[in-house]
Amino acid sequence: MPQPGEPNIVAMAGFVIFIALSLGITWVAARRTRNTRDFYAAGGSVTALQNGLALAGDYMSAASFLGIAGLVALSGFDGLIYSIGFLVGWPVVVCLIAEPLRNLGRFTFSDVVAFRLQQAPVRVAAAAGSLAVVAFYLIAQMVGAGNLIRLLFGLDYEVAVAIVGIVMLAYVLFGGMIATTWVQIVKAVLLLSGAFMLAMMVLARFSFNPLALFAAASSEYGTAVLAPGRLVSDPVDAISLGLALMFGTAGLPHILMRFYTVPDGRTARVSVAYATAIIGVFYLLTFILGFGAMVLVGQPAIRAVDAGGNMAAPLLAEAVGGQAFLGFIAAVAFATILAVVAGLTLAGAAALSHDVWVHVFRHGDASEREQMRVARGSTILLAVFSIVLGIAFKGQNVAYMVGLAFAIAASANFPALIMSMFWQGFTTRGAQASILFGTAATLALIYMSPTIQVDLLHRESAWFPYRNPGLFTIPLSFAIGIVVSKLFPEPAAVQGFARLEQQIHFGEP
Amino acid sequence: MTDTQARLSRLSAARWRLAVILTAAMTVIYVGFILLVAFNKPLLATVLVPGLSLGILLGVLVIVSAWVLIMIYVRWTNANYDAAVADIHRDHREGR
């Protein structure tokens with residue numbers, strides 16, 4: 001394993017090849033990106049399998065590849081609890097969200113919430129919810145990217161963050177959703193085949209029997225590695241985290257946006273089935289990689305390189321496939337980061353330009369030219385923002401930010417989305433109150449939780465005893481949306497429901 | 001128009017019912033698994049055959065259950081819902 005500052009030739013070559021390939025894709029995509037529909041929704045012409053792969057590519061972050069493999073390698077079974085949490089949100093997405101969203105909106109999930117409500121006030125609130133999720137998710141990814149690339153390629157943290165920001169900017173700025181989609185597809189295929197090859201090389205040493213691998217792990221480290229450990233110590237906190245992961249997936253703006261890239265509701269639905277199959281297989285493979293690293297690399301060697309275990313998968317690649325395979329896996333991890341940040345940036349740019357600029361400042365009346373200019377301006381703004389914050393948060397523990405992003409998505413975006421589509425009595429004031437409460441309450445409770453008060457600020461105790469607020473904020477957001485809607489009835493919104501129900505099923509007229 | 005609306009509302013209710021049942025099923029399975037992890041660690045630590053604990057088996061089954069629930073939804077909608085919507089849509093257009 002190369003130490004920081006000791007670059008690997010194959011990793012560098014893989015990294016250069018991936019950047020060249022993805023910029024080639026961007027060049028082709030740029031020539032096909034003529035209007036806002038191309039820029040935000042790839043012209044609505046993505047197939048179910050393509051979108052399934054792209055959804056998987058948008059969702060599987062470097063944290064889930066390297067982080068979960070590391071967690072399994074160091075604590076066994078507990079890593080599986082995490083993988084499961086990241087998968088169980090998808091049935092919710094397909095059952096409640098994918099098709100209605102596709103049929104009701106054009107570019108953002110705010111399109112759906114604002115469908116029969118007053119455009120400007122709802123969109124400001126929904127854009128705030130989206131941008132909060134995007135910002136925290138993006139910071140977590142950028143800081144993770146800086147650390148990872150430093151470990152994998154020996155580049156300086158700041159250089160790594162800048163490279164990720166600039167390359168991602170190139171994809172989104174010139175190639176829009178078409179380039180982003182293809183980068184995500186290539187990444188999903190690379191990540192899945194990389195994990196698959198690595199898992200096969202591990203299993204080859206255990207006569208292709210995963211149980212033999214687990215048995216080897218338990219004879220070396222004790223049967224405790226096959227049993228729940230300390231990860232779930234407080235059941236309230238565990239369920240709270242679980243609910244945020246489950247319903248947060250259905251409120252992530254960059255995931256929701258992908259449903260506008262397919263032609264119709266049926267394709268949206270089938271694409272989720274593909275995505276879930278791919279993501280599920282990937283998590284099962286990661287579980288094998290984690291145990292493989294535990295047995296073949298050994299826990300002390302993994303901890304020696306990175307105390308958090310993040311280098312378990314790359315170390316395993318080196319142990320079973322040598323320097324060349326390590327380089328390949330490192331390049332895959334890099335591709336993984338880029339595909340996720342590109343999707344996030346595009347979703348943030350859509351909230352800023354499509355929701356705030358076009359529908360709030362211009363009241364829905366802006367020329368295509370102007371919309372494209374504002375969309376690209378927002379993209380540049382977000383890229384600069386992510387590079388600056390990525391560098392500002394250097395050395396900080398930002399792992400909680402992904403949980404925070406999921407908690408805001410579940411508490412602010414998900415309730416408003418569900419009520420706007422399925423409850424006739426939902427009103428503009430109700431939507432505003434629910435989204436703003438969900439965002440503010442999640443931020444406040446996380447700030448008052450032990451994660452910030454004890455771990456970061458080193459106070460004695462925290463005002464709010466739980467690390468995850470979802471169990472409280474999700475039902476409260478629903479309740480506030482209902483109460484405020486009842487207090488401020490809106491006849492026009494009720495009348496619009498018949499049109500909404502028709503379009504949910506028939507699609508755009 | 002009212003006929004279209006009534007038929008759509010019925011279909012909407014049928015899909016909503018299935019969606020809620022499947023979502024509830026996923027929630028129960030997942031929360032149940034987390035509760036077992038929280039309250040009965042020794043049970044999950046039971047080794048069934050060398051290398052396979054009950055916890056790992058159940059964990060994999062939770063992932064499989066997510067696939068199964070999605071398959072149920074996709075098969076029902078592909079087989080019934082799509083045709084029903086197309087029916088109502090055709091009658092709606094001809095009625096105009």
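Keep in mind it's a predicted model, so treat the numbers as computed, not measured. First the proteins, then the strands, lettered A, B, ... as listed; each starts at 1.
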Output side-chain donor-acceptor pairs under 3.5 Å for residues 16-27 of chain B, partner residues at least two apart or in another chain, one line each.
{"from": "T23(B)", "atom 1": "OG1", "to": "A19(B)", "atom 2": "O", "distance (Å)": "2.8"}
{"from": "T27(B)", "atom 1": "OG1", "to": "T23(B)", "atom 2": "O", "distance (Å)": "2.7"}

Review point. Which one of V88(A), D78(A), I279(A), V92(A) has the most heavy-atom pairs closer than 4.5 Å to chain B?
Key: V88(A)

Exercise for review: Check whether any side-chain heavy atom of L101(A) lies under 4.5 Å from a side-chain heavy atom of L417(A), and answer yes or no.
Suggested key: yes

Review point. Ion pair present between R7(B) and D91(B), side-chain N to carboxylate O less than 4.0 angstrom?
Key: yes

Check your understanding: What part of V281(A) gets closer than 4.5 Å to chain B, counting heavy atoms only: side chain, backbone, both or neither?
Key -> both

Review point. When only pairs under 4.5 Å are counted, which of F39(B), Y30(B), Y81(B) shares the most heavy-atom pairs with chain A?
Key: Y30(B)

Revision key, fill the gap. Under 4.5 Å to a heavy atom of chain A? For L52(B) that would be both

Check your understanding: What class does the angle between the rings of H92(B) and F506(A) fall in, given that below 30° is parallel, 30 to 60° is tilted and above 60° is perpendicular?
Key -> tilted

Point to revise | For chain B, the option from L243(A), L96(A), I81(A), I504(A) that forms the most heavy-atom pairs under 4.5 Å | key: L96(A)

Review point. L284(A) versus chain B, heavy atoms under 4.5 Å apart: side chain, backbone, both or neither?
Key: side chain

Review point. For the ring pair F287(A) and F291(A), is the centre-to-centre distance below 6.0 Å?
Key: yes

Review point. Do you know which of L36(B), L44(B), L69(B) has the most heavy-atom pairs with chain A at a distance under 4.5 angstrom?
Key: L44(B)

Review point. What residue in N209(A), T223(A), L211(A) has the most heavy-atom pairs under 4.5 Å with chain B?
Key: L211(A)

Check your understanding: Does atom OH of Y82(A) have more than 12 heavy-atom neighbours from other groups under 6.0 Å away?
Key -> no

Check your understanding: Aromatic ring centroids of Y466(A) and F472(A) under 6.0 Å?
Key -> yes

Revision key, fill the gap. Ranked by heavy-atom pairs below 4.5 Å to chain B, first place among A216(A), A215(A), P228(A), S218(A) goes to P228(A)

Check your understanding: What part of V64(B) lies closer than 4.5 angstrom to a heavy atom of chain A: side chain, backbone, both or neither?
Key -> neither

Check your understanding: Checking heavy atoms, do the side chain of T276(A), its backbone, both or neither come under 4.5 Å from chain B?
Key -> both

Study note, to complete from the structure: When the 4.5 angstrom heavy-atom criterion is applied to S65(B) and chain A, the contacting part is neither

Check your understanding: Are R15(B) and T77(B) close enough that a side-chain donor and a side-chain acceptor fall under 3.5 Å?
Key -> no

Check your understanding: Considering only heavy atoms, which portion of F77(A) lies under 4.5 Å from any heavy atom of chain B: side chain, backbone, both, or neither?
Key -> side chain

Practice item. Establish, from distance only, whether the side-chain atoms of N468(A) and S240(A) form a donor-acceptor pair under 3.5 Å. Key: no

Revision key, fill the gap. Greatest number of non-hydrogen atom pairs under 4.5 angstrom with chain A, of I72(B), V37(B), D82(B), falls to D82(B)

Practice item. May I ask you to name which of S9(B), A66(B), G51(B), P42(B) has the most heavy-atom pairs under 4.5 Å with chain A? Key: G51(B)

Exercise for review: Using distance alone, with no hydrogens and no angle criterion, decide if T4(B) and Q502(A) have a side-chain donor and acceptor under 3.5 Å apart.
Suggested key: no

Exercise for review: Could you tell me which of G85(A), G265(A), A224(A) has the largest number of non-hydrogen atom pairs under 4.5 Å with chain B?
Suggested key: G85(A)

Check your understanding: Counting heavy atoms not belonging to F208(A), are there more than 12 under 6.0 Å from its CZ?
Key -> yes

Check your understanding: Which bit of V47(B) is near chain A, if near means a heavy-atom gap under 4.5 Å: side chain, backbone, both or neither?
Key -> side chain

Review point. A238(A), A273(A), A227(A), G242(A): which one forms the most heavy-atom pairs within less than 4.5 Å of chain B?
Key: G242(A)

